[in-house]
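Everything on this sheet refers to the single structure shown next.
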Amino acid sequence: MLFKHTSSGTLTNLFRARYVLYMESPRSNFLTKLSVRKQPRTQFSERSVKIKSSYSLMLDQYNFEGRYDLVKFIREIHAQGLYVSLRLGPFVESEWKYGGLPFWLRGIPNITFRCDNEAFKIENEYKLVEAAFHSKGPPYVRWAAAMAVNLQTGVPWMMCKQDDAPDPIINTCNGLICGETFLGPNSPNKPALWTENWTSRYPVYGQDRRSRSAADLAFAVALFILRKKGSFVNYYMYHGGTNFGRFASSYVTTSYYDGAPLDEYGLIWQPTWAHLRELHAAVKQSAEPLLWGAYSNHSFGQQQEGHVFATESECVAFLVNFDKHKISTIQFGEEVFQLAPKSISILSQCRELIFQTGKINAQHGLRTAQVVQSINHVDRWKFFKEPIPTVPSKMSHVGNQLHEHLSTTKDETDYLWYLSAHNYKRNGNGQLVLNVEAYAHILHAFINDDYVGSVHGSHDKPGNIVLKAPISLREGRNSISLLCVMVGSPDSGAYMERRTFGVRRASIKRRQQKSHSVGIEHWKNQVGLSGETNKIYTSEGSSHAEWSTIDKSMHLPLIWYKTTFDTPWGNDPVTLNLSSMGKGEVWINGESIGRYWVSFKTPSGQPSQSLYHIPRYFLKTGENLLVLMEEIGGDPRQITVNTMSVTRIYSSVSETSTPSLLSREKHPAIHLRCQKGKHITDIEFASYGNSHEDCIESGKNCHGSCHAEMSEFVVKNACLGRRKCVVPVRAPKFGGDPCPGIEKSLSVVAICG
């Protein structure tokens, strides 16, 4: 972002050459990105502890209630001994609709977003669009910097991705590999800061999820520290979240950064969480030479290099192997080291190996969704058919033009009806075709209340969508109802205020007479759906709707469904499995948990998202109201209520591995840990030997040619009935060496319940 206001009650505005100093501890800092709006307020405290271990809606109206309580959130962070890198709005991007800008800005006369004017004062990653504003770009950057500094906050300001950030603003890097792409601070008095280290890539509908390995993430962090003298890394995101309601931007899924070290539900995502924790410990241990030491670098080959930081009494070395496929053997000082493929080895006192980014000793976890309630009885479901309008109930626009979508809806709904009619006189044979061109995400078409077809776009191919639907018309007047749908609004780019959406043109043609179009009468618009207007997703609104019992109403478009379900017992996160549905939005006790779009399959043939998070904060004791607006068609009887937990954990640690810096053990050891409230109930597999690691995740019999018979007994004795356990990887622990001369590992698969 152009501005991240780095602040907390204890942050001092001090610089020591290239490092930011926090209080009296001059250390490299690892901050985390956790979105207040994507997390229920009641979960702040618990999740802040896990992190430590390892918006104006209308003009002059602001909402800081409930999960928008920013002050409460920051106080909780302070209570946990953490710091804040505060991203000021309204323009925060964050894959949020309109980049977080309130929609009323668009209505200010003569406004141009992202330039120097009175109404627009906040920015984000401006370098990406600066060229589009030509000569007005650089003065805007200088003006924005002066505006921030003149606030006299007493803490540093940062500009993300802005190489020419004016003094004293700190230019920073966002991206995947800032150790390679960042040009560095533009002044010797500024530190090297990485303000967005992407822990995965945010998912969009129609695309397979793109995860990032723990090894790759750790390699990138270490490389930034050693090559760029980096002193600050902000993980984006460290905690995943949920895009409740309609907050997600164009095509972005409701689930957000679920593969972060803390996932969408607040569960620890292993091995990423623990592997980064070990890296942080190694960097913290090396704080003195990193901050005060003399720097030198060494070349060991085309793809191998060394970086050394040394004081008179302390030394740390980083040995880098860029080769993605081969182990590299190098001599450093008097020792010989084997560097794993694409890995960085950290040496304490420049001789003792304390961490390798490419070697994962942390446990892995398998997250599962357990069905706790099936809502499959017909009599438990009711439906309400959304009326297809022919005459608007609220006539917002009438005329001989097609009105722009967002300006008409004011972004208060995803839906805008375009209504017209056609007087038909039979004048030949041949199939009639309705042709509609729209700049939108989805378009549904109805003729005389009958559904005739849909078309949708995608994140990778934004722009016009074209519907060509064969239709039948009756003699005389025929109603034409087009439902234009947005799945979020744009969140970035230049001249956002000029972007337009909606139906562009429509015609009815015969296939044999392509050049002959039949005119359509003046267009009228209706904003939103009837069910939205009457709030039938709430308890009160639902009581006034005419609901019917489900019979043959499945797999039909524009149907509202409602039922009730009981709050699941316990504390595990709760989800809905909507894999039997199409596209729409879902509410729990009147709270929207977001859009769903299960019918939009990825290239692998799977939905981008089928499980939808219900925060326990939204649930009541006992019965809960569930309402869905289904646009395309689905079968609600197959919806299930699930709880999420990490049920299987597994790890494999070699006897030659580096001991954990966070353990009292002086030897390599396996560390197993169940999530809070669970304990180890079974050991599916345990072997001290040379088991086949590629099958361990499945829990199958993976014994190799070497196996200590006491393995299972030793592990069960140490772990069963406990939430966490440690088992040293030492031959005497297992009754002696089962196969001398062969390198051995301890591999374990455990069940948590």
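For the single chain, residues carry numbers from 1 onward in sequence order. Just so we're clear, the structure is a prediction, and the values are computed from it rather than from any experiment.
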Given side-chain contact (heavy atoms from CB on, under 4.5 Å), test Asp258 with Tyr265 step by step and report yes or no.
CA-CA 8 Å; Asp258 187 33; Tyr265 314 105; 4.2 Å; yes

Distance check, rounded to the nearest 0.5 Å: His307 atom NE2 versus Lys229 atom NZ?
7.5 Å

Roughly how far, to the nearest 0.5 Å, is the CD1 atom of Ile680 from the CG atom of Leu720?
7.5 Å

Closest non-hydrogen atom pair, Gly306 against Leu319
CA-CD2, 4.2 Å

Give the minimum heavy-atom separation between Lys678 and Cys674, together with the two atoms involved.
O-CB, 3.7 Å

Carefully, step by step, assess Ile649 and Cys752 under the rule side-chain contact (heavy atoms from CB on, under 4.5 Å).
CA-CA 7 Å; Ile649 56 177; Cys752 295; 3.7 Å; yes

Neighbour count above 12 (heavy atom, 6.0 Å) for Glu312 CD:
no

Polar side chain donor-acceptor pair, Ser687 to His707, under 3.5 angstrom
yes

Nearest heavy-atom neighbours spanning Ala317 and Val308:
CB-CG2, 4.1 Å

Donor-acceptor side-chain pairing of Ser604 and Asp208 below 3.5 angstrom:
yes

Derivation and outcome, side-chain contact (heavy atoms from CB on, under 4.5 Å), residues Ser705 and Asn690:
CA-CA 7 Å; Ser705 59; Asn690 61 352; 2.9 Å; yes

Looking at side-chain heavy atoms only, is the closest gap between Ile751 and Arg648 below 4.5 Å?
yes

Option among His239, His613, Glu264, Glu95 that satisfies the side chain to side chain donor-acceptor pair (under 3.5 Å) test with Tyr256:
Glu95

Any donor and acceptor pair, going by atom type alone, linking the side chain of Thr658 with main-chain N or O of Ile354 inside 3.5 Å?
no

Quick one, Cys173 and Lys228 - any side-chain contact, counting heavy atoms below 4.5 Å?
no

State, without any angle test, whether Trp194 and Tyr235 hold a side-chain donor-acceptor pair at a distance under 3.5 Å.
no

Please check if the side chain of Gln349 supplies one atom and the backbone of Cys315 the other of a donor-acceptor pair under 3.5 Å.
yes

Lys NZ or Arg CZ of Lys733 over Tyr688 ring: under 6.0 Å, within 45°
no

To the nearest 0.5 Å, how far apart are CE in Met237 and OG in Ser200?
9.5 Å

Pair Ser645, Gln675: side-chain N/O donor-acceptor within cut-off below 3.5 Å:
no

Exam field: side chain Thr181 to backbone Ile177, donor-acceptor pair closer than 3.5 Å
yes

Contact check, side chains of Arg723 and Lys676, non-hydrogen atoms, under 4.5 Å:
yes

List the atom of Leu176, the atom of Arg201, and the distance in Å for their closest heavy-atom pair.
CD1-NH1, 3.5 Å

Would you call Arg227-Glu305 a salt bridge at under 4.0 Å N-O?
yes

In short, Val727 meets Cys719 closest at the heavy-atom pair CG2-SG, 3.9 Å

Which distance, rounded to the nearest 0.5 Å, do you find between the CG of Leu217 and the CG of Asn197?
5.0 Å

Evaluate the side-chain proximity of Gln285 to Ser348: yes if any heavy-atom separation is below 4.5 Å, no if none is.
yes

Donor + acceptor pair across side chains of Thr253, Ser255 (<3.5 Å)
no

Which heavy-atom pair separates His275 from Ala362 by the least distance, and what is that distance?
N-CB, 4.1 Å

Under 4.5 Å between any side-chain heavy atoms of Glu196 and Cys160, yes or no?
no

Enter the distance from Phe337:CZ to Ser345:OG here, rounded to the nearest 0.5 Å.
8.0 Å

With a 4.5 Å cut-off on side-chain heavy atoms, are Pro659 and Glu665 touching?
no

Within 6.0 Å of CD in Gln331, more than 12 heavy atoms from elsewhere
yes

Stepwise, does the side-chain contact (heavy atoms from CB on, under 4.5 Å) test hold for Asp216 with Lys342?
CA-CA 8 Å; Asp216 183 66; Lys342 194 184 178 183; 2.7 Å; yes

Hydrogens and angles aside, do Gln303 and Ser328 bring a side-chain donor and acceptor to less than 3.5 Å of each other?
no

Backbone N or O of Glu335 within a donor-acceptor pair of the Arg351 side chain at under 3.5 Å?
no

Contact between Ser745 and Ser652 at the side-chain level, heavy atoms closer than 4.5 Å - yes or no?
yes

Please check if any side-chain donor atom of Asn171 sits under 3.5 Å from a side-chain acceptor atom of Gln162, or the reverse.
no

Between OH on residue Tyr83 and NE2 on residue His78, distance to nearest 0.5 Å:
9.5 Å

So, applying side chain to side chain contact (heavy atoms under 4.5 Å, CB included) with Ile344, which one of Phe322, Phe355, Phe318 is it?
Phe318

Would you say the side chain of Asp163 lies within less than 4.5 Å of the side chain of Asn186, judging by non-hydrogen atoms?
no

